[in-house]
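To start, the structure itself, in structure tokens.
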Amino acid sequence: SKRLKNLQICRPFVYGNMAVPLKEDRSPDIPTDHTHSWTVFLRGVNGDDLSSFVKRVVFKLHETYPNSTRSIEEPPFEVTETGWGEFEISIRVYFVPEASEKNVVMYHHLKLHPYGPEAEQQKLEGATVTSMQYDEFVFNEPTESLFEILTKK
Ligand code: SLL
């Protein structure tokens, strides 16, 4: 549909991961060399639902994972796994067709291990590690349909 000139709409989001060390009572299904459980995610800010304009999020994991390309078609846009190592995850976001927007990609370094001044204490406590970033989708001259979707209610 037609594009709205001289207009820009932004939508905030966060992406990143949480990780927790596996405990003694881990499931026997988890390979013995795995040390952590983690979730990589893309989500709106303040519970904002992105699915009105995000059609699909593709998380590309390290090749050591089976089916390392994970396509998530509805919220929550996230992947939970177990493993032993840190690596870079690409997060590719596809928009609804009405938006006529190219997909965008972010790169996130999966973080499993605490670092910094609190690291030793956090390791002792088996604390959850979080690494996330704030960003914004910027739509320049959005289509009328995308504008309607983003300004509804
Ligand atoms: C490293 N360059 O050596 C990184 C690679 C890969 C982590 C880390 C696989 C788990 C599985 C897994 O944890 N890969 O076998 O399913 O640290």
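All figures in this text were calculated on a predicted structure; none of them were measured in a lab.
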Compare every heavy atom of [Y] with every heavy atom of [X], then report the nearest pair and how far apart it is.
X      : Y      : result
Cys10  : Glu136 : CB-OE1, 3.8 Å
Val96  : Ser52  : CG1-O, 3.7 Å
Phe59  : Phe77  : CZ-O, 3.4 Å
Ser100 : Thr143 : CB-CG2, 4.0 Å
Pro21  : Ala127 : CD-O, 3.8 Å
Val54  : Val57  : CG1-CG2, 3.7 Å

| task | Test Arg3 against every option in Glu144, Glu98, Glu101 by the salt bridge (Lys or Arg N to Asp or Glu O under 4.0 Å) rule and name the one that passes. | result | Glu101

Taking C-beta and beyond as the side chain, do [X] and [Y] meet within less than 4.5 Å on heavy atoms?
X      : Y      : result
Leu42  : Val93  : yes
Glu73  : Lys55  : no
Val40  : Glu78  : no
Leu7   : Pro142 : yes
Leu110 : Trp38  : yes
Leu4   : Glu141 : no

| message | Heavy-atom count check: over 12 atoms from other residues, nucleotides or ligands less than 6.0 Å from Met18 CE? | response |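 No.
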
Would a distance-only check, ignoring hydrogens and angles, find a side-chain to backbone donor-acceptor pair under 3.5 Å from [X] to [Y]?
X     : Y      : value
His62 : Thr64  : yes
Glu88 : Tyr107 : no
Asp49 : Ser51  : yes
Asn17 : Lys111 : yes
Arg11 : Leu150 : yes

| task | Could you go through the ring-ring contact (aromatic ring centres under 6.0 Å, His included) check for Phe13 and Phe137 one step at a time? | result | CA-CA 8 Å; Phe13 65 96; Phe137 296 120; 4.0 Å; yes

| What class does the angle between the rings of Phe53 and Phe95 fall in, given that below 30° is parallel, 30 to 60° is tilted and above 60° is perpendicular? | parallel

